[in-house]
*Asks:* 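One structure coming up, written as structure tokens, with questions to follow.
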Amino acid sequence: MTSANAAEKRLLKALKRQPVDRVPVWLMRQAGRYLPEYRKVRAEAGGFLDLCYTPDFAEEVTLQPIRRYGFDASILFSDILVVPDALGQPVAFKEGEGPVLEPITHADGIAALKPVAVIREKLQPVYETVRRLRISLPAETTLIGFAGAPWTVATYMVGGRGSPDQAAAKAWAYRAPDEFQKLIDLLVAATIEHLSAQVEAGVEVVQLFDTWAGSLPELSFERFALKPMLEIRVALKARFPDLPVIGFPRGAGPMTAQYFRATKLDALSLDTAMSPGWARDNLQSLGCLQGNLDPLLLVAGGPEMRRQALAILDTLGKGPFIFNLGHGIVPQTPPEHVAELVEIVRGWRV
Ligand code: 1CP
């Protein structure tokens with residue numbers, strides 16, 4: 001049968017602005033701690049990075065949400081911080097604490113990082129996971145690869161951990177912008193290599209997560225969020241002209257329109273705070289949109305989740321559109337609410 005044919009995959013059709021029989025759906029962080037079967041494999045793997053770097057484990061946890069819910073897309077199980085880890089800035093994931101790195105705060109620290117060529121070598125297990133997934137995934141499921149956007153990855157490399165205000169990276173970017181630019185340039189090159197290797201191994205779409213884009217003022221946003229994304233998109237399209245690229249400039253507000261126009265990405269993932277009506281009027285003519293149910297509505301479930309999911313579908317569902325959350329699934333999400341949400345999206349018709 002031809003169901004394996006890329007031309008027929010619902011998610012790829014939406015990304016190429018073609019008509020679909022129903023709105024495709026997948027959810028950010030669809031694999032993870034809210035699933036008991038994930039927690040079991042995680043305990044077996046030991047550390048979080050052991051999970052990411054062991055293809056048997058990473059393949060299994062990628063497939064878990066597909067088995068349960070039959071999403072239209074599967075996102076490779078990995079993390080945005082495997083890039084600094086590969087570049088020689090080791091990342092530790094401490095239980096209940098999130099990622100911890102030895103912060104880089106000076107130009108010497110950038111110079112001490114390994115050359116970008118190590119990415120393909122060090123992250124071999126990630127690409128092996130991709131090759132396995134292309135065989136094990138159902139024919140109708142699109143495989144999405146990903147990376148963090150340079151600014152967001154830099155906030156962890158400079159701050160040494162997640163922070164509410166990204167103050168350490170901003171301090172450097174404002175005190176010595178040209179020096180900080182060297183870190184961004186290195187991350188642009190590393191991200192292009194990492195995503196290219198994922199595509200060569202079999203991912204069909206890539207998404208770039210700029211979780212902290214919205215904390216930058218406009219002029220810094222243009223330099224450290226928009227411009228690196230444009231460079232990455234241009235390089236990827238030169239190598240893989242048909243590859244759809246999705247961006248997630250979280251919190252960018254009205255700057256999102258300029259970002260979408262300038263980067264010419266195929267799709268934009270909308271965060272929770274973005275108005276679907278504004279997005280329809282200002283963004284949807286530029287490409288496919290994805291989003292943007294509040295992950296906490298998924299925790300609550302019930303009539304309010306249904307009402308707000310239907311409102312998003314009624315506003316954006318004519319397409320091009322992919323249903324998703326406005327940010328990742330949180331660990332306290334009841335798995336049965338995810339099943340309920342998927343039913344709501346599948347049952348909706350233009
Ligand atoms: O088991 C655990 O304890 C680890 C929890 C976890 C998981 C499941 C982390 C640690 N990373 C992941 C996987 C992950 N991370 C995926 C693939 C799984 C999927 O989506 O199904 C993806 C796409 C990411 C992306 C990611 N990692 C982002 C960008 C998206 C976002 O959520 O904003 C960021 C900022 C990270 C860093 C990171 N990794 C893990 C945590 C807890 C964090 C956030 C740290 C912080 O700022 O507090």
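Counting starts at 1 for both ligands and their atoms, following the listed order. For the single chain, residues carry numbers from 1 onward in sequence order.
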*Asks:* Going by side-chain contact (heavy atoms from CB on, under 4.5 Å), F71 matches just one of L11, L27, N324. Which one?
*Replies:*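 It is L27; the other options fail the test.
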
*Asks:* Got a sec: does the CZ of R120 have more than 12 other heavy atoms crowding it under 6.0 Å?
*Replies:*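 More than 12 heavy atoms, drawn from other residues, nucleotides or ligands, come within 6.0 Å of this atom.
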
*Asks:* Can you check whether K122 reaches K114 side chain to side chain, under 4.5 Å on heavy atoms?
*Replies:*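 No - every pair of side-chain heavy atoms lies 4.5 Å or more apart.
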
*Asks:* Calculate, to the nearest 0.5 Å, the distance between atoms CD1 and CZ belonging to I80 and F209 respectively.
*Replies:*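 The CD1 atom of I80 sits 8.5 Å away from the CZ atom of F209.
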
*Asks:* Exactly which residues line ligand 1, taking a heavy atom under 4.0 Å from it as the test?
*Replies:*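 R29, Q30, A31, R33, Y38, R42, F48, I75, L76, F77, S78, D79, I80, F93, P99, F146, Y156, G162, F209, T211, H327.
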
*Asks:* H194 and Y127: aromatic ring centres closer than 6.0 Å?
*Replies:*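 Yes - the distance between ring centres of H194 and Y127 falls below the 6.0 Å cut-off.
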
*Asks:* Charged N to carboxylate O below 4.0 Å: is that the case for K40 and E37?
*Replies:*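 Salt bridge between K40 and E37, a charged N being under 4.0 Å from a carboxylate O: no.
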
